[in-house]
Amino acid sequence: MIKNGQHTSSDQWTESGAGQGDLACSPEKRKRSVRVWCDGCYDMVHYGHSNQLRQAKAMGDYLIVGVHTDGEISKHKGPPVFTQAERYKMVQAIKWVDEIVEGAPYVTTLDTLDKYNSDFCVHGDDITLTVDGKDTYAEVKREGRYRECRRTQGVSTTDLVGRMLLMTKTHHSNIVSTTHTQREHTDPTGPKGHSPWTGVSQFLQTSQKIIQFASGQEPQPGDTIIYVAGAFDLFHIGHVDFLETVYKQAERPYVIVGLHFDQEVNRYKGKNYPIMNIHERTLSVLACRYVSEVVIGAPYAVGKDLLDHFKVDLVCHGKTEVLPDRDTADPYAEPKKRGIFRTVDSGNGLTTDDIVQRIIKNRLQFEARNQKKEAKEIAVFEAMKRQAEGEQAGDTAQAAQ
């Protein structure tokens with residue numbers, strides 16, 4: 001059980017080299033509001049994106065997020081999985097985001113920061129390149145209006161696409177292999193070397209990470225406690241629209257999301273589902289502004305004990321099919337008996353299956369995109385390494401004189 005809630009700039013973050021001790025407590029910040037700029041594709045928004053935005057928000061007071069258009073992404077990286085309209089709404093649903101800018105330029109300039117009255121921009125410690133291999137943040141770095149946060153280990157859009165294409169199950173939380181590496185999820189036909197930015201390590205959940213994403217509120221007198229349950233796999237715009245609809249069912253909603261364990265999801269979904277394991281899905285759901293609390297490993301059947309424990313006033317389910325429990329019973333029999341079950345229609349029928357089909361349909365394009373992206377990153381990384389070695393050799397020679 002994880003409590004959630006709206007976060008403020010008082011969130012104590014110390015993960016990157018430029019934490020609150022450097023920025024949030026400065027005299028300048030105490031005098032006025034510090035406006036922070038982030039931008040990106042935010043395609044297949046996952047907890048890595050959310051963690052970047054959480055860290056960025058902790059560096060200031062007001063977070064503005066620029067989201068690139070489909071055309072810009074196709075030009076510089078390759079085709080996005082989600083449309084720009086879907087990506088705009090996904091980013092807006094992340095609870096640390098105060099404002100989004102639609103159609104933000106792919107290359108971040110001083111003009112963009114000034115236009116939106118932003119003090120500086122924040123990006124992860126990976127690198128973003130234009131179609132011709134140039135650093136998109138070169139100008140703001142040069143002018144000292146760039147801050148860096150730590151990239152979230154163990155996840156990337158490239159990796160998630162790989163999991164869908166290869167249909168593996170090795171990412172499930174109940175499977176442990178000493179020979180498996182996360183690289184097996186991604187395209188095996190890529191360059192011989194691996195980019196330090198695209199190549200991902202195994203995701204390891206920690207209590208600290210959950211606390212950083214949660215730190216929420218207890219339900220207050222007068223709140224309507226609403227319970228929903230499911231896999232919430234590859235947390236996407238269909239989930240966001242559903243949770244927003246659930247949130248609007250009451251004047252003062254307190255929404256609890258029950259997440260099923262990987263084995264349970266695989267039982268009723270089959271194939272290699274869930275694409276994201278229980279730890280990854282927990283962080284993805286916790287980042288949503290409509291969610292108040294998360295139950296990790298919720299029972300499939302919404303029974304008497306659960307309803308009484310959380311004092312649930314309303315149980316909601318979307319328009320998707322309700323599959324029977326292992327004993328063929330209706331998992332919502334108890335809330336229906338109590339008269340507190342409600343089917344809600346978000347108007348968005350998108351499912352995780354639909355997303356997987358988007359990937360499979362455009363498989364060759366996505367594989368080519370992943371290979372191209374990693375090849376560019378390897379070239380830049382090798383150039384940076386050669387430059388660093390050259391500078392080190394020069395310093396050694398100078399010291400020897």
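- A donor-acceptor pair shorter than 3.5 Å can be found between the side chains of Tyr146 and Glu148.
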Inset, instruction - Starting from the C-alpha separation in whole Å, work towards a yes-or-no answer on salt bridge (Lys or Arg N to Asp or Glu O under 4.0 Å) for Asp330 and Lys336. - result: CA-CA 10 Å; Asp330 179 357; Lys336 286 177 180 178; 2.8 Å; yes
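- Note: Tyr62 and Trp37 fail the aromatic proximity criterion, with ring centroids not under 6.0 Å apart.
- Side-chain atoms of Thr352 and Asp233 form no donor-acceptor pair, as typed in the model, at a separation below 3.5 Å.
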Donor-acceptor pairs are to be reported for all side-chain atoms of residues 63-70 against protein atoms at under 3.5 Å, with residues two or more places apart or in another chain.
residue : atom : partner : partner atom : Å
His68   : ND1  : Ala104  : O            : 3.0
His68   : ND1  : Pro105  : O            : 3.4
Thr69   : OG1  : Glu72   : N            : 3.2
Asp70   : OD1  : Gln84   : N            : 2.9
Asp70   : OD1  : Arg87   : NH2          : 2.7
Asp70   : OD2  : Gln84   : N            : 3.3

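- Here His260 pairs with Tyr268, Tyr300 under the ring-ring contact (aromatic ring centres under 6.0 Å, His included) rule; sequence neighbours left out.
- Side chain of Tyr47 to main chain of His279: no donor-acceptor pair is present (N/O by atom type, distance under 3.5 Å, no hydrogens or angles).
- Using a distance-only test at 3.5 Å, with no hydrogens or angles considered, a donor-acceptor pair links the side chain of Arg252 to the main chain of Pro221.
- Aromatic ring pairs are classed by plane angle as parallel below 30°, tilted from 30° to 60° and perpendicular above 60°; the pair Phe235 and Phe232 is tilted.
- Side-chain contact, Arg150 with Gln55: no donor N or O sits under 3.5 Å from an acceptor N or O.
- Salt bridge status for Asp119 with Arg32: present, with a side-chain N to carboxylate O gap under 4.0 Å.
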Inset, instruction - Quick one: do Tyr247 and Ile226 satisfy side-chain contact (heavy atoms from CB on, under 4.5 Å)? Show the steps, please. - result: CA-CA 8 Å; Tyr247 188 84; Ile226 307 174; over 6 Å; no
